[in-house]
Amino acid sequence: MQGGALLEKLIAGRWIAGVSTGDAIAAAKEFNRHGISGIINYLGEEISSEDEVESTVKKYISIIDTISSTHTSADISLKLSQLGQNIDESLARRSYKKILSHASSRKVFVWLDMETYDKVEDTINIFLDIERKGKSGICIQSYLKRSASDIKRLSEYGAIVRLVKGAYTAPYDIAYSSRELTTKNYYALMDYLFRNSHKFTIATHDKDITLKALRLNKWYRRDITHAMLKGIHNQYAVELAKGGENVSIYIPFGEKWKEYAFRRISEGSNMHLVINSLFENQKI
Ligand SMILES: Cc1cc2nc3c(=O)[nH]c(=O)nc-3n(C[C@H](O)[C@H](O)[C@H](O)COP(=O)(O)OP(=O)(O)OC[C@H]3O[C@@H](n4cnc5c(N)ncnc54)[C@H](O)[C@@H]3O)c2cc1C
């Protein structure tokens, strides 16, 4: 095998559960054994045909059924661009509604991933129009300057937020220009959530943030979950779960794994992060 192909395979195995629903469920079950829940994501974004949207909806419905029939502790997380947001907003709304209604009948929680900055307003509007209280949640990114007001709006509504730094870039007038400023804003948004929201998810591998969240929660006693991506600092996730914390791992799977793997690589501020994550304690 060529070096590039070998690295590709290593990365895929570490960060992606595999190509089938069975692979994703097996990965979630493995985390469940450590007291950790899964967040299953079927890879694929920027879908451009109605047929593809239809088959994605069917796929999510069958994932929900499998989570339920196998008694797996797992949510699902999806992107509106998988549901036709770039083709026709009403198609995305209908598709999301269908998945959400099926998921709530099977008691499976649904997360909306957040994508590029130009989709944020529509994503929040669609979420708030269709959300069924307590049955779904939405991701908010600290790299965007608008997120303070978005979190306020969502908290006032009682929505469940998953706070991340953000995996995309945006023009300097709407986004924080450095990792330091994005992290500083993360702390500010997290602080707001502790003061104003009862249930939310701190999704990060930044241990300083996690430690601060643990300290704050001794005082606020909120229903918080710590979430990480499959393959990054998962041993730390196990330790948190052992200590009694709610922990979830985001588990992507599907045929379109290459785009995801390369996004993860380009995010690592340099190659040694990626290599470290590959050779981190591999017990899980
Ligand atoms: C559960 C979950 C759901 C997410 N959902 C979304 C979403 O819907 N939309 C969105 O835009 N983003 C999403 N993200 C990604 C997120 O925005 C960040 O890009 C990602 O989590 C890295 O930021 P960080 O908070 O871990 O902090 P960073 O400061 O980037 O990293 C902190 C430490 O984590 C480790 N680390 C981080 N990234 C890597 C990497 N690629 N390889 C190896 N080690 C690494 C390193 O040790 C680093 O020092 C999600 C992340 C998680 C955990």
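Owing to the predicted nature of the structure, the values given are computational and were not obtained by experimental measurement.
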Side-chain heavy-atom pair [X], [Y] within 4.5 angstrom cut-off:
X	Y	answer
Ile124	Tyr157	no
Glu239	Lys242	no
Asp113	Lys79	yes

Checklist entry - Sub-3.5 Å donor-acceptor pair from the side chain of Asp75 to the main-chain atoms of Ile39, do we have one? => result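 No, the answer is negative, given that no donor and acceptor are paired below the 3.5 Å cut-off.
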
Next on the checklist: Run the side chain to side chain donor-acceptor pair (under 3.5 Å) test against Glu180 and tell me which residues pass, sequence neighbours left out.
Outcome noted: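 With neighbours one apart ignored, the set is empty.
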
Checklist entry - What class does the angle between the rings of Tyr42 and Phe253 fall in, given that below 30° is parallel, 30 to 60° is tilted and above 60° is perpendicular? => result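 The rings of Tyr42 and Phe253 sit tilted, inter-plane angle from 30° to 60°.
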
Is there a donor in the side chain of [X] and an acceptor in the side chain of [Y], or the other way round, less than 3.5 Å apart?
X	Y	answer
Asp65	Ser62	no
Tyr96	Gln82	no
Thr204	Lys165	no
Asp88	Ser90	yes
Lys152	Asn196	no
Ser81	Glu115	yes

Checklist entry - With ILVMFWY side chains joined below 4.5 Å, transitively, what does Tyr176's cluster contain besides itself? => result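 Result for Tyr176 is Leu181.
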
Item to check | For Asp122, all residues meeting salt bridge (Lys or Arg N to Asp or Glu O under 4.0 Å), sequence neighbours excluded | outcome: none

Item to check | Pair Phe194 + Phe200: ring centers closer than 6.0 Å | outcome: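 Under 6.0 Å, so yes.
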
